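Take a look at the structure below.
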2 protein chains.
Amino acid sequence: MEKIKKILEEKGIKPSIQRIKIFECLMCDGDHPTAKDIYEIIFKEIPTLSKTTIYNTVKLFTDKGILKPVRIREGEVRYDIESDSHPHFRCNKCGKVFDLEKNLLIKEKKEIDGHLIEEKCVCYLGVCRNCRRKREH
Amino acid sequence: MEKIKKILEEKGIKPSIQRIKIFECLMCDGDHPTAKDIYEIIFKEIPTLSKTTIYNTVKLFTDKGILKPVRIREGEVRYDIESDSHPHFRCNKCGKVFDLEKNLLIKEKKEIDGHLIEEKCVCYLGVCRNCRRKREH
DNA sequence: TTCAAAATTGAAATCATTGTAAATAATAAA
DNA sequence: TTTATTATTTACAATGATTTCAATTTTGAA
């Protein structure tokens, strides 16, 4: 609790009860919660909670660099508190998202951490050649 | 045109004019169109076109294995006609998605095909350990 | 305590996608 | 060709996640 307060303050975020709870929820939940998941978990403790607060807060956290949206499938957005880039594993049955080791290198292995791998998806993000030509980057 | 007809028929899909146009659109557009993109392009030729037809058709194509949804960012769904798995590059400025070579191996390079790489995103998909334990797979 | 700024809230709006049922077109049988 | 059957397309309503916005509440400084 005090630890979370410190982390938020270091990033210039006022540690309101809602923000602390949301951060706590993101830390504890190993499956990368959606906005809905977060809302349902915290609503039990703070019944006056608004969904807008969840969206405001994850946006604030993302802007401040302590949170990263993970968009893999189904149009759903999940959130990852780890700032360091690392591979993810998404279950096609339950939709949960797990973190994998950063320097993971899977060649022929079909299994990792007990998960059965069926498909790999790699994407690079940046500025495409067309947009680079238009403006200076 | 005749070529597209054949491809569809081989997959057991009746080649209606809408389906041919949608397939054609997916082939020509190098940026992986969204459902909205497809609608706007084809609407010019077929003004009676319904958005539902776009969604029906991309679902049909996906089920038949000739199309793959690409979900990278922004909650948007784009479509990729290539059936073979390969890396993608998504532009953070314009949102367009480009195909990259299948066996691409980028280590320190910051550039590929003229695109500036800022971030890499790797994801594995399959059945997680929890779901495997529950049922047999 | 008072006041202004920041944070939270609920309700309405938006927007992509899905569901549904009617209309239309294509195909097969008589 | 006519009719019946089936597949396809369409319009419109419904859904659900997210955003907008104005009003209310909380906070912190003076």
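The structure presented is a predicted model; accordingly, all values stated were derived computationally and were not measured. To find a chain, count down the sequence lines: A is the first, B the second, and so on, and within it residues start at 1. Hydrogens, waters and symmetry mates play no part in the numbers below; they use all other heavy atoms, side chains included.
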- Contact summary for His32(B) and Val97(B), nearest pair of heavy atoms: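 Looking at all heavy atoms of both residues, the closest pair is ND1-O, 2.6 Å.
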Please give me the minimum heavy-atom distance between Pro69(A) and Tyr79(A), naming the atom from each residue.
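Here Pro69(A) and Tyr79(A) meet closest at CA-CD2, 4.0 Å.
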Distance, rounded to the nearest Å, where [X] contributes [atom1] and [N] contributes [atom2]:
| X | N | atom1 | atom2 | value |
| --- | --- | --- | --- | --- |
| Ile54(A) | dG10(C) | CD1 | C1' | 14 Å |
| Leu49(B) | dT24(C) | CG | C1' | 15 Å |
| Tyr55(B) | dC12(D) | OH | P | 17 Å |
| Leu60(A) | dT19(D) | CG | C1' | 16 Å |
| Lys51(A) | dA7(C) | NZ | P | 23 Å |

Checklist entry - Which residues satisfy the ring-ring contact (aromatic ring centres under 6.0 Å, His included) test with Phe89(A), sequence neighbours excluded? => result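 By the ring-ring contact (aromatic ring centres under 6.0 Å, His included) rule, Phe89(A) matches His115(A).
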Checking Phe43(A) now: which residues fulfil ring-ring contact (aromatic ring centres under 6.0 Å, His included) with it, not counting sequence neighbours?
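Checked Phe43(A) against ring-ring contact (aromatic ring centres under 6.0 Å, His included); matches are Tyr39(A).
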Min side-chain heavy-atom separation [X]-[Y] under 4.5 Å:
| X | Y | value |
| --- | --- | --- |
| Leu125(B) | Glu118(A) | no |
| Asp113(B) | Phe98(B) | no |
| Arg78(B) | Asp37(B) | yes |

* To do: Decide yes or no on salt bridge (charged side-chain N to carboxylate O under 4.0 Å, His left out) for Lys6(A) and Glu9(A), but give the supporting numbers first.
  => CA-CA 5 Å; Lys6(A) 253 188 189 163; Glu9(A) 275 164 355; over 6 Å; no
Checking contacts here: which listed nucleotide (dT19(D), dT9(C), dT10(D)) is nearest the side-chain heavy atoms of Thr48(A)?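 For the Thr48(A) side chain, the nearest candidate turns out to be dT9(C).
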Residue Thr53(B), side-chain heavy atoms: nucleotide from dG10(C), dT10(D), dA17(D) that is nearest: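 It is dT10(D).
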Restricting to nitrogen or oxygen on both sides, can you table the protein-nucleotides 20-22 of chain D pairs closer than 3.5 Å?
from	atom 1	to	atom 2	distance (Å)
dT20(D)	O4	Thr52(A)	OG1	3.4

Taking only heavy atoms on the protein side, list every residue of residues 37-47 of chain B lying under 4.0 Å from any atom of DNA chain C, sorted numerically.
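Contacts with DNA chain C under 4.0 Å: none.
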Practice problem: Could you say whether Thr34(A) or Ser50(B) is positioned toward the 5' end of DNA chain D, judged by the nucleotide with the nearest heavy atom to each? | Solution: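 Closer to the 5' end of DNA chain D: Ser50(B).
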Q.
Tell me every residue that passes side-chain contact (heavy atoms from CB on, under 4.5 Å) with Lys64(A), counting only those two or more places apart in sequence or in another chain.
A.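 Testing Lys64(A) for side-chain contact (heavy atoms from CB on, under 4.5 Å), a comparison that skips the adjacent residues, returns Ile13(A), Leu60(A).
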Tell me, which of residues 10-26 of chain B have any heavy atom that sits under 4.0 Å from an atom in DNA chain D?
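Hits under 4.0 Å, by residue number: Lys14(B), Ser16(B), Gln18(B), Arg19(B).
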